[in-house]
Amino acid sequence: MSEMSIHETYMRLALENARSAKGQTAPNPMVGSVIVNEGRIVGIGAHLKPGEPHAEIHALRMAGDHAKGGTIYVTLEPCSHHGRTGPCAEAVVRAGLSRVVIAAPDPNPLVAGRGVKILRDAGIEVIEGVLREESERLNEVFNRYIVSKRPFVTVKSATTLDGKIATRTSSSRWITSAEAREDVHRLRHESGAILVGVQTILHDDSQLTTRLPNGRNPLRVVLDSTLRIPEDARVITDGEAPTWIFTGSNADPAKRERLEAAGVRVIETDGERVNLEQVLDTLGSSEISSLLVEGGGQVNASFVEQGLADKLLLYMAPKLVGGKDAPTFLEGLGVGNMDEAFELDDLRVEQLGPDLKFEAYFRKG
Ligand SMILES: Nc1c(/N=C/[C@@H](O)[C@H](O)[C@H](O)COP(=O)(O)O)[nH]c(=O)[nH]c1=O
């Protein structure tokens with residue numbers, strides 16, 4: 001077995017540990033670490049929650065004296081700054097490791113490379129870039145958020161094979177299978193916030209909660225420029241999760257007061273329509289690093305046409321409903337020429353029961 005493939009074997013284990021905490025480290029990245037000494041794993045760790053120890057610290061605690069002279073694998077460059085916990089690079093030096101293998105550099109421009117410098121200045125061998133792609137894809141949310149301070153936006157829709165989200169009479173239950181819908185609930189569990197337009201609330205009285213054992217409910221966000229939302233909507237009355245409503249300058253002040261009295265946070269953005277950039281800035285400043293848009297066709301189109309969508313998740317059922325009046329998952333004005341189409345990269349397809357799950361990234365710029 002080559003030296004590099006041994007490093008990849010242990011880095012894969014570190015990545016599995018990082019991934020195990022998906023959904024609970026936000027707004028921090030997911031990080032995993034493995035310490036190996038004389039061919040034996042002596043310590044394993046994962047970052048589990050913001051403010052708690054980083055992955056390397058958990059692994060070092062488990063390894064104790066066995067760390068000395070060993071190799072530590074970590075999926076993200078050890079931190080060099082005094083965040084909510086002490087710098088990991090210094091802890092690695094103190095523990096007497098002789099080699100550090102890193103998957104991805106820290107995407108935070110303020111600290112990129114500093115951790116590596118501390119290690120190399122202490123005479124420790126540093127190998128970088130082992131399974132870098134996998135580590136950066138795992139932390140696509142953090143990598144975007146730490147630079148833009150806005151949440152990573154995933155537009156999710158469930159459609160028939162002819163792209164409809166409901167029939168012409170608005171019937172939509174169910175398009176996709178229980179397996180696909182469960183996959184969506186795992187996505188909700190991992191998301192900081194979930195966003196719909198008021199039209200979806202009017203049509204489905206959506207709960208927008210995560211129905212999974214030990215499921216975590218994301219913050220619920222509704223775009224409602226004139227506060228049309230029914231005051232008995234479940235997102236207002238069920239107390240299952242906080243609900244924020246973003247509205248426009250024409251919203252009825254009396255209704256706004258009643259909604260706020262019901263525990264809903266109402267945020268007015270500039271202009272009659274809801275300003276999506278201000279929505280993202282507000283969420284980002286509240287440390288929401290990932291936003292799941294389950295829009296409805298109009299809301300999805302707003303995010304896509306304004307270039308604010310990062311990722312598309314499309315669940316397609318092997319069904320056809322037809323009908324020129326049946327709503328699609330991307331309404332709005334649409335582009336005029338095919339060469340203006342919104343291009344997607346890195347398309348991945350997988351089968352979930354009878355349905356197909358498409359995952360792709362919006363090309364920016
Ligand atoms: N109709 C379907 C969906 N429908 C998605 C939205 O239209 C629903 O309002 C929203 O998921 C309801 O939220 P809830 O009350 O929390 O379940 N989404 C899916 O994945 N498959 C479908 O077949």
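First listed ligand is number 1; within each ligand, the first listed atom is number 1. Keep in mind that what you see is a predicted model, and the values were worked out from it rather than measured. Basis for what follows: all heavy atoms, side chains included, without hydrogens, waters or symmetry-related copies.
Applying the side-chain contact (heavy atoms from CB on, under 4.5 Å) rule to Asn217 yields the partners Thr209, Thr210, Glu240, Ala241; only residues at least two apart in sequence or on another chain are considered.
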N/O pairs closer than 3.5 Å, ligand 1 and protein:
{"unit_1": "ligand 1", "atom_1": "1 (N)", "unit_2": "Ser172", "atom_2": "O", "d": "3.0"}
{"unit_1": "ligand 1", "atom_1": "7 (O)", "unit_2": "Asp204", "atom_2": "OD2", "d": "2.8"}
{"unit_1": "ligand 1", "atom_1": "9 (O)", "unit_2": "Asp204", "atom_2": "OD2", "d": "2.4"}
{"unit_1": "ligand 1", "atom_1": "9 (O)", "unit_2": "Ser206", "atom_2": "OG", "d": "2.9"}
{"unit_1": "ligand 1", "atom_1": "11 (O)", "unit_2": "Arg188", "atom_2": "NH2", "d": "3.2"}
{"unit_1": "ligand 1", "atom_1": "11 (O)", "unit_2": "Glu294", "atom_2": "OE1", "d": "3.3"}
{"unit_1": "ligand 1", "atom_1": "13 (O)", "unit_2": "Arg188", "atom_2": "NH2", "d": "3.3"}
{"unit_1": "ligand 1", "atom_1": "15 (O)", "unit_2": "Gln207", "atom_2": "N", "d": "2.8"}
{"unit_1": "ligand 1", "atom_1": "16 (O)", "unit_2": "Arg188", "atom_2": "NH1", "d": "2.9"}
{"unit_1": "ligand 1", "atom_1": "16 (O)", "unit_2": "Leu208", "atom_2": "N", "d": "2.8"}
{"unit_1": "ligand 1", "atom_1": "16 (O)", "unit_2": "Arg211", "atom_2": "NH1", "d": "2.7"}
{"unit_1": "ligand 1", "atom_1": "16 (O)", "unit_2": "Arg211", "atom_2": "NH2", "d": "3.4"}
{"unit_1": "ligand 1", "atom_1": "17 (O)", "unit_2": "Arg211", "atom_2": "NH2", "d": "2.7"}
{"unit_1": "ligand 1", "atom_1": "18 (N)", "unit_2": "Lys156", "atom_2": "NZ", "d": "3.1"}
{"unit_1": "ligand 1", "atom_1": "20 (O)", "unit_2": "Lys156", "atom_2": "NZ", "d": "3.0"}
{"unit_1": "ligand 1", "atom_1": "21 (N)", "unit_2": "Thr176", "atom_2": "OG1", "d": "2.7"}
{"unit_1": "ligand 1", "atom_1": "23 (O)", "unit_2": "Ile175", "atom_2": "N", "d": "2.7"}
{"unit_1": "ligand 1", "atom_1": "23 (O)", "unit_2": "Thr176", "atom_2": "N", "d": "3.1"}
{"unit_1": "ligand 1", "atom_1": "23 (O)", "unit_2": "Thr176", "atom_2": "OG1", "d": "3.4"}

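Here the options are Leu131, Val116, Ile127, the test is side-chain contact (heavy atoms from CB on, under 4.5 Å), and the partner is Ile102; only Val116 passes.
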Validation: residues 223-231 side-chain donor-acceptor distances under 3.5 Å, sequence neighbours left out:
{"unit_1": "Asp224", "atom_1": "OD1", "unit_2": "Leu227", "atom_2": "N", "d": "3.0"}
{"unit_1": "Asp224", "atom_1": "OD1", "unit_2": "Arg228", "atom_2": "N", "d": "2.8"}
{"unit_1": "Asp224", "atom_1": "OD2", "unit_2": "Arg228", "atom_2": "N", "d": "2.9"}
{"unit_1": "Asp224", "atom_1": "OD2", "unit_2": "Ile229", "atom_2": "N", "d": "2.8"}
{"unit_1": "Glu231", "atom_1": "OE1", "unit_2": "Arg258", "atom_2": "NE", "d": "3.0"}
{"unit_1": "Glu231", "atom_1": "OE2", "unit_2": "Arg258", "atom_2": "NE", "d": "3.0"}
{"unit_1": "Glu231", "atom_1": "OE2", "unit_2": "Arg258", "atom_2": "NH2", "d": "2.9"}

Output a table of donor-acceptor pairs, distance under 3.5 Å, between side-chain atoms of residues 6-16 and any protein atom two or more places apart or on a different chain; print 'none' if there are none.
{"unit_1": "His7", "atom_1": "ND1", "unit_2": "Tyr73", "atom_2": "OH", "d": "2.8"}
{"unit_1": "His7", "atom_1": "NE2", "unit_2": "Glu3", "atom_2": "OE2", "d": "3.1"}
{"unit_1": "Thr9", "atom_1": "OG1", "unit_2": "Ser5", "atom_2": "O", "d": "2.8"}

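The pair Glu128-Arg120 meets the salt-bridge criterion, since a charged nitrogen lies less than 4.0 angstrom from a carboxylate oxygen.
In terms of modelled atom types and a separation under 3.5 Å, the side chain of Gln351 and the main chain of Gly353 share a donor-acceptor contact.
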